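Since the model is a prediction, treat every value here as computed from it, not as a measurement.
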Amino acid sequence: MKPGITCLWQIGGRANIDFVGQVALDRQYVRDQSIVLDLWILLRTPYAVLCGEGAY
């Protein structure tokens, strides 16, 4: 899959998730991909960025 502008681990904890967890979330996305999931990720991304939780 091509990388996108955001992902499940971006909205789910960012730096608080280790590499293995990030890969697991990426695999989950590939397995469960749908328009609804994409919209959910896009809607949650601004909050994750503004909140800053898990950012370095």
Side-chain angles (χ1 to χ4, degrees):
M1 300 218 48
K2 287 180 143 184
I5 60 172
T6 189
C7 57
L8 282 174
W9 62 267
Q10 172 75 22
I11 63 171
R14 296 163 37 169
N16 294 334
I17 301 173
D18 65 354
F19 180 73
V20 173
Q22 292 174 2
V23 171
L25 287 173
D26 285 342
R27 291 182 65 180
Q28 177 186 343
Y29 174 78
V30 170
R31 186 181 60 243
D32 299 336
Q33 62 185 314
S34 70
I35 296 296
V36 173
L37 180 58
D38 287 344
L39 290 174
W40 183 73
I41 292 170
L42 285 173
L43 290 173
R44 297 265 328 254
T45 297
Y47 174 78
V49 171
L50 293 174
C51 177
E53 187 173 330
Y56 291 108

Checklist line | Step-by-step side-chain contact (heavy atoms from CB on, under 4.5 Å) determination, Val49 to Gln10 | finding: CA-CA 9 Å; Val49 171; Gln10 172 75 22; 4.0 Å; yes

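- One hydrophobic cluster, built from ILVMFWY side chains closer than 4.5 Å, cannot hold both Val36 and Leu25; they sit in different ones.
- In this structure, the side chain to side chain contact (heavy atoms under 4.5 Å, CB included) partners of Asp18, at least two apart in sequence or on a different chain, are Val20.
- Apart from Phe19 itself, the hydrophobic cluster it occupies contains Val23, where clustering links Ile, Leu, Val, Met, Phe, Trp and Tyr at side-chain heavy-atom distances under 4.5 Å.
- No more than 12 heavy-atom neighbours from other residues, nucleotides or ligands sit within 6.0 angstrom of CD1 on Ile35.
- When all heavy atoms are compared, the tightest approach of Gln22 to Ile17 is NE2-O, 3.2 Å.
- Atom CD of Gln33 is separated from atom CD of Gln28 by 12.0 Å, given to the nearest 0.5 angstrom.
- With sequence neighbours excluded, the residues that form a side chain to side chain contact (heavy atoms under 4.5 Å, CB included) with Ile41 are Thr6, Leu8, Ile11, Tyr29, Leu37, Thr45.
- Transitive grouping of hydrophobic side chains (ILVMFWY, heavy atoms separated by less than 4.5 Å) brings Trp40 and Trp9 into a common cluster.
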